[in-house]
Amino acid sequence: MTASRPRPTRLTALRPASFGAEPTGERLARMRRSPQFVDGQFRNPAPTRQLLRGAALPMARTQLHREGRLRRAPVGRIPVHRPTAEDWGRPPASGLRLTWTGHSSVLAEIDGRRVLFDPVWGERCSPFGWAGPKRLHPVPMELAELPPVDVVVISHDHYDHLDMPTIKGLADSGAVFVVPLGIGADLEFWGVPAARITELDWHESTRVGGLTLTATPAQHFCGRGLRGPQHTLWASWVVAGPEHRVYHSGDTGYFSGFAEIGAAHGPFDATMIQIGAYSDFWPDIHMTPEEGMRAHRDLQQGDPSVGVMVPIHWGTFNLAPHPWAEPGERTLYAGHRAGAGVVTPVPGKPFEPADPPAPYPWWRAVAVPPAHGWPAWPPVPSADRQELVAER
């Protein structure tokens with residue numbers, strides 16, 4: 001792959017390395033050949049709003065609302081499990097084990113290989129170390145404490161999914177990096193050898209150590225630095241081994257593509273689904289917990305009881321106006337109503353989808369409770385969903 005140059009800005013001399021690099025040469029030519037690349041940028045199949053018209057002022061009022069701000073962060077220390085050699089020293093009995101380390105970062109041990117999705121070990125999801133959303137809990141383990149990783153998968157280039165310090169820490173690990181079109185430029189700029197980078201368009205696949213990794217559609221957008229928001233592709237991911245298959249949503253709004261992905265690649269032993277950082281101000285680009293459960297059902301070819309659903313993209317960073325604990329509460333209830341198996345481990349706790357732990361709302365111990373208190377768990381079937389939504 002041809003070399004890449006830093007993304008130019010008017011303040012080139014002050015440009016942080018975290019802004020990444022500009023795709024050039026054959027990399028750029030391949031991007032332009034993509035069916036998703038239209039009029040100089042990547043686009044979703046359907047028109048997608050990143051922010052509703054006229055939302056800026058009411059959004060600012062919501063962000064400044066005192067009671068809402070109190071609910072957007074935990075009031076106690078988030079429990080974190082520090083994996084031990086015993087946790088990882090033996091292969092999973094079923095052949096599939098997952099470890100959610102926070103936000104959208106998941107280590108999947110699948111059919112003898114290890115795949116690390118959207119690793120973010122940085123303190124802030126920001127181009128700067130001194131500003132931007134800060135971690136609400138520590139990482140469960142240091143990068144050096146991870147077992148050897150075979151593949152690193154990136155869903156898109158936003159800072160809470162593509163973290164420069166983490167990529168630099170993994171650059172010499174020997175892992176293969178599998179990413180959407182264009183993101184390879186950033187990885188090379190940060191020291192990942194070009195020979196270990198594979199860039200895919202939607203519906204393209206690559207093989208790594210007996211696993212097939214397929215980039216599948218998502219309804220989102222990209223943007224890094226000061227450039228326009230659609231310059232690299234975004235994707236969800238299917239990873240299929242000889243015995244197991246998993247799905248990682250990356251960031252996405254709900255769309256009909258989930259049913260198409262499920263029909264082509266499902267059902268899955270586990271789906272890792274974005275259920276946090278949603279808002280009425282940006283309904284097209286992030287799913288609510290109920291939409292996430294609907295996506296899980298679609299991916300499982302209409303039967304939500306197949307496999308397990310693992311909520312991701314919540315709990316680690318404050319990125320939206322909703323209460324910190326709300327995504328977990330609403331997801332558990334949506335799963336209860338749908339008859340789905342939902343696994344909500346504390347960050348760092350490995351589990352096997354074939355023998356999942358019982359769902360438990362661990363966040364209640366460290367969250368501001370709703371005005372009327374937490375509902376009973378498990379919820380009674382006749383409970384009104386609104387009773388389970390923490391008050392804003």
Side-chain angles (χ1 to χ4, degrees), residues 4 6-7 16-21 78 80 82-83 88 98-109 114-180 182-194 196-199 208 213 222-225 232 234-235 237 239 248-251 272 274 276-277 312-319 347-348 350:
S4 303
R7 291 185 177 136
S18 57
F19 279 10
I78 297 173
V80 171
R82 291 195 61 84
W88 283 330
L98 302 178
T99 305
W100 177 60
T101 63
H103 201 56
S104 294
S105 304
V106 183
L107 177 66
E109 299 171 87
R114 295 189 181 97
V115 180
L116 184 58
F117 293 96
D118 282 358
V120 173
W121 259 248
E123 274 300 299
R124 295 182 186 273
C125 51
S126 165
F128 310 108
W130 46 267
K134 190 175 182 180
R135 277 188 170 274
L136 300 175
H137 65 79
V139 292
M141 75 295 289
E142 299 302 321
L143 280 178
E145 297 174 317
L146 280 173
V149 172
D150 298 288
V151 189
V152 176
V153 174
I154 304 296
S155 64
H156 63 296
D157 74 356
H158 286 158
Y159 294 101
D160 57 323
H161 296 259
L162 178 62
D163 179 56
M164 183 188 71
T166 304
I167 298 301
K168 286 188 169 185
L170 293 167
D172 295 327
S173 67
V176 173
F177 288 74
V178 182
V179 302
I183 291 179
D186 296 330
L187 303 186
E188 282 192 61
F189 184 57
W190 297 331
V192 179
R196 290 200 282 112
I197 301 171
T198 298
E199 294 176 73
V208 180
L213 296 95
C222 285
R224 204 171 182 95
T232 60
W234 49 96
W237 290 93
V239 177
H248 188 283
S249 72
D251 276 3
M272 295 161 269
Q274 172 263 306
I312 61 171
H313 203 265
W314 79 287
T316 303
F317 299 107
N318 181 354
L319 302 176

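None of the values given here were measured: they were computed from a predicted structure.
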(message) side-chain contact (heavy atoms from CB on, under 4.5 Å), that's the test. Do Trp88 and Thr99 meet it? Break it down for me.
(response) CA-CA 10 Å; Trp88 283 330; Thr99 305; 3.7 Å; yes
(request) Give a yes or no on whether the backbone of Met164 and the side-chain of Ser18 come within a donor-acceptor separation of less than 3.5 Å. (result) no
(request) Give, for atom CH2 of Trp121 and atom NE2 of His103, the distance between the pair rounded to the nearest 0.5 Å. (result) 12.5 Å
(message) Taking Gly276's backbone N and O only, do any of them form a donor-acceptor pair with Gln274's side chain (distance below 3.5 Å, no angle check)?
(response) yes
(request) With sequence neighbours excluded, give me every salt bridge (charged side-chain N to carboxylate O under 4.0 Å, His left out) pair touching residues 132-155. (result) Arg82-Glu145, Arg113-Asp150
(request) Locate the shortest heavy-atom distance separating Trp190 from Ala17; write the atom from each residue and the value. (result) NE1-O, 2.9 Å
(request) Output, in order, the C-alpha distance, side-chain angles, deciding distance and verdict of side-chain contact (heavy atoms from CB on, under 4.5 Å) for Val179 and Val152. (result) CA-CA 8 Å; Val179 302; Val152 176; over 6 Å; no
(message) What's the separation between atom CE in Met272 and atom OG in Ser105, rounded to the nearest 0.5 Å?
(response) 11.5 Å
(request) For residues Val120 and Tyr159, determine if any side-chain heavy atom of one lies less than 4.5 Å from a side-chain heavy atom of the other. (result) no
(request) Look only at the side chain of Arg224 and the backbone of Pro127, and say whether a donor-acceptor pair between them is shorter than 3.5 Å. (result) no
(request) Please name the pair of heavy atoms, one in Ser173 and one in Arg196, separated by the smallest distance, quoted to 0.1 Å. (result) N-NH2, 4.5 Å
(request) Please work out whether the ring planes of His313 and His161 are parallel, tilted or perpendicular, with thresholds of 30° and 60°. (result) parallel
(request) For Thr232 and Gly182, indicate whether the former's side chain and the latter's backbone hold a donor-acceptor pair under 3.5 Å. (result) no
(message) Looking at every heavy atom in both Pro140 and Pro83, which two are closest together, and how far apart are they?
(response) O-CD, 3.8 Å
(message) Looking at Arg114 and Leu107, would you say the former's side chain and the latter's main chain have a donor-acceptor pair under 3.5 Å?
(response) no
(request) Test Phe177 against every option in Thr198, Val151, Leu170 by the side chain to side chain contact (heavy atoms under 4.5 Å, CB included) rule and name the one that passes. (result) Leu170
(message) Once rounded to the nearest 0.5 Å, what's the spacing between atom NE2 of His248 and atom CD1 of Ile154?
(response) 9.5 Å
(request) Hey, could you give me each pair passing salt bridge (charged side-chain N to carboxylate O under 4.0 Å, His left out) that has a residue in residues 159-179? Not counting sequence neighbours. (result) none
(request) Return the minimal non-hydrogen interatomic distance between Asp118 and Ser104, and the atom names on each side. (result) CB-O, 3.7 Å
(message) I need the Phe189 CZ to Ile167 CD1 distance, nearest 0.5 Å.
(response) 14.0 Å
(request) State, yes or no, whether a side-chain contact exists between Thr101 and Thr316 at a heavy-atom distance under 4.5 Å. (result) no
(request) Would you name the heavy atoms of Ala171 and Val192 that are closest together and state the gap between them? (result) CB-CG2, 4.0 Å
(request) Under the side-chain hydrogen bond (donor to acceptor under 3.5 Å, both in side chains) rule, what do Asp251 and His158 come out as? Steps first, then yes or no, please. (result) CA-CA 10 Å; Asp251 276 3; His158 286 158; 4.8 Å; no
(request) Measure the shortest side-chain to side-chain distance between Leu143 and Thr166 over non-hydrogen atoms and say whether it is less than 4.5 angstrom. (result) yes
(request) Could you pull out the closest heavy-atom pair between Asp186 and Phe19, with the gap in Å? (result) OD1-O, 4.2 Å
